[in-house]
Number of protein chains: 2
Amino acid sequence: MTISDAPKFRRYAAEERAAMLVQAGLDCLAEGGITAFTVDNVCKRAGASRGLIAHHFGSKDGLLAAVYEAAYAPMLAKIAPETGALALGQLIDTMFDAEAHDLPTLRTWLALWGEIAVNPALKAAHRRNYGQYRAIVEGAIAAHGRSRGLKLDAGPLAASVIALVDGLWLEQCIDPEGFDSQRARTACLGMLEPVLGPLDP
Amino acid sequence: MTISDAPKFRRYAAEERAAMLVQAGLDCLAEGGITAFTVDNVCKRAGASRGLIAHHFGSKDGLLAAVYEAAYAPMLAKIAPETGALALGQLIDTMFDAEAHDLPTLRTWLALWGEIAVNPALKAAHRRNYGQYRAIVEGAIAAHGRSRGLKLDAGPLAASVIALVDGLWLEQCIDPEGFDSQRARTACLGMLEPVLGPLDP
DNA sequence: GGCCTTGCTGAACGGTTGTACAGTAGGGTC
DNA sequence: GACCCTACTGTACAACCGTTCAGCAAGGCC
């Protein structure tokens, strides 16, 4: 075998290569937002040629939808009641830590959210994922109330809890240095307890 | 005067024209996010030629920084204690309504936030504006606690309140239909009162 | 070793991007 | 009406955008 016989590229199984492109897409979003999510950038990062995105996803928008799913999946997995539902206190703790509190992560979500209204496939994916997210929180609040004899309005409360966690996450990401996250978090939990009762299991 | 003598364009005072470009930039961001914030788009919307942005702001990034300032200004104006500080209850109400709860507004802020880390001028502007925002809320909470003999930790509490408002605003913007904003808002206020005491003046 | 499927490449395309700059013309001043 | 300052235009430019597609080649199978 001479040197010129070395393979110029490696062939992967279709779904394996697709996953590589999705990961490269996530990296691009994290690094430079939607502006950096270009065919050139993504393919270069994935170590593939410019044509691959069209080949595997039909178009750039197709890849973006897949990227959105991939971004949401691990968060849902963390709070999903697979091995039995989490206690409310644990759930909220998990929600706080489900996403990294840094700028790259923020940039990824800002970019994705900003495209939801424009990209129909993304909008559908968002409704599905967020609905699932909210249903889990609502279920946990309802169960919490039942087990303690509290009459809780689970719907609006779930929205409030999610808003609190998201808002805190947002501020913390935007300005990581100038934000005392631990104290803010304690203050938030202190805000929830008078309404929900003690959160310790 | 013949028809051909009609002026081809109108001359404005420099700062007036600059304001027109900033407004056009805001409109573009609201409509299509950072992707729609192009020299072509902005100038067309402002009724000017492609060269004007460079002429007035040096570059596209220069304009973007000016746009950020312009986006923050009205919100700060609403909560700024010009004619005496607002009572905490009033302040929180104002915070809830300071920004429109719709997709265009969301898209504008997502786009701006996403660029903060990339654009140094934007980062500086954000720190200045957000610091001012937070100082106002902190001051109101401290005053509230003093006047009622409560020992409040104003710093973390301010961060929590801002997070709550921002998070609620975020969810509401992302999915305006599927979100019962009034009940969520009531739930949020109900969450604050046990910590802060009654918010009515 | 030869065949064959298909993952993959890479050039070509028309369109859009931001910036530069030479030149035009609006409109106040005299 | 002549002058002048400068706000402004509009073309030219090189770089980059997403999509298309004809054809190459990797690597399993016989």
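Being a predicted model, the structure only gives us computed values, none of them experimental. Just so it is clear: chains get the letters A, B, ... in the order the sequence lines come, proteins before strands, and each one is counted from 1.
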**Q** Round to the nearest Å and state the distance from B/Asp61 atom CG to C/dT17 atom C1'.
**A**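 Taking atom C1' of C/dT17 as the reference, CG of B/Asp61 is at 13 Å.
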**Q** Does B/Glu15 CD have over 12 foreign heavy atoms under 6.0 Å away?
**A** no
**Q** To the nearest Å, how far apart are B/Arg17 CZ and C/dG26 C1'?
**A** 12 Å
**Q** How close or far is atom P of D/dT6 from atom CZ of B/Phe9, stated in whole angstroms?
**A** 15 Å
**Q** Mark yes or no for a side-chain to base donor-acceptor pair under 3.5 Å between B/Arg50 and C/dT19, with no hydrogen or angle criteria applied.
**A**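 Pair found.
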**Q** In whole angstroms, how far is the P atom of D/dG27 from the OH atom of A/Tyr12?
**A**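 The distance from OH of A/Tyr12 to P of D/dG27 comes to 9 Å, rounded to the nearest Å.
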**Q** Please tell me which of B/Ser59 and A/Arg10 maps to the more 5' nucleotide of DNA chain C, matching each residue to the nucleotide holding its nearest heavy atom.
**A**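 Closer to the 5' end of DNA chain C: A/Arg10.
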**Q** So A/Tyr72 and A/His126, would you call those rings parallel, tilted or perpendicular, with 30° and 60° as cut-offs?
**A**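 Judged by the thresholds at 30° and 60°, the geometry between A/Tyr72 and A/His126 is tilted.
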**Q** Just to be sure I understand the rule, does A/Ala54 reach a base, reach only the sugar-phosphate, or reach nothing, if contact means heavy atoms closer than 4.0 Å?
**A**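 It contacts base atoms.
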**Q** Are side-chain heavy atoms of B/Arg107 and B/Leu29 found at a separation under 4.5 Å?
**A**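 Answer no - side chains too far apart.
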**Q** Give the rounded distance in Å between these two atoms: CG of B/Asp40 and P of D/dC16.
**A**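 Value for this atom pair: 18 Å.
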**Q** Is the phosphate of C/dC8 approached by A/Ser49 (side-chain N or O, under 4.0 Å from OP1 or OP2)?
**A**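 False: A/Ser49 side-chain N/O out of range (4.0 Å or more) of C/dC8 OP1/OP2.
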**Q** Given D/dT9, C/dC8, C/dT17, identify the nucleotide with an atom nearest to the side chain of B/Leu52.
**A**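 The answer is D/dT9, which lies nearest to the side chain.
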**Q** Which comes earlier along DNA chain D counting from the 5' end, the contact point of A/Lys8 or that of B/His55, where each point is its nearest nucleotide?
**A** B/His55
**Q** How many whole angstroms separate atom NZ of B/Lys60 from atom P of C/dT16?
**A**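 Going from NZ in B/Lys60 over to P in C/dT16 covers 15 Å.
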**Q** Looking at A/His56, I'd like to know whether one of its side-chain N or O atoms comes within less than 4.0 Å of OP1 or OP2 on C/dC8.
**A** yes
**Q** Could you tell me whether the phosphate oxygens of D/dA25, OP1 or OP2, come under 4.0 Å of any side-chain nitrogen or oxygen in A/Arg11?
**A** no
**Q** Would a 4.5 Å heavy-atom cut-off, applied to side chains only, mark B/Glu69 and B/Asn129 as touching?
**A** yes
**Q** Relative to each other, are the rings of A/Tyr133 and A/Tyr130 parallel, tilted or perpendicular (30° and 60° limits)?
**A**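 Rings of A/Tyr133 and A/Tyr130: perpendicular, as their planes differ by over 60°.
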**Q** Grab the CD-P distance between B/Glu16 and D/dT6 for me, whole Å please.
**A** 18 Å
**Q** Using a heavy-atom cut-off of 4.0 Å across all strands, would you classify B/Ala48 as base, sugar-phosphate, or nothing?
**A**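 Sugar-phosphate contact only.
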**Q** Roughly how many Å is it from CD1 in A/Ile53 to P in D/dC21, rounded to a whole number?
**A** 18 Å
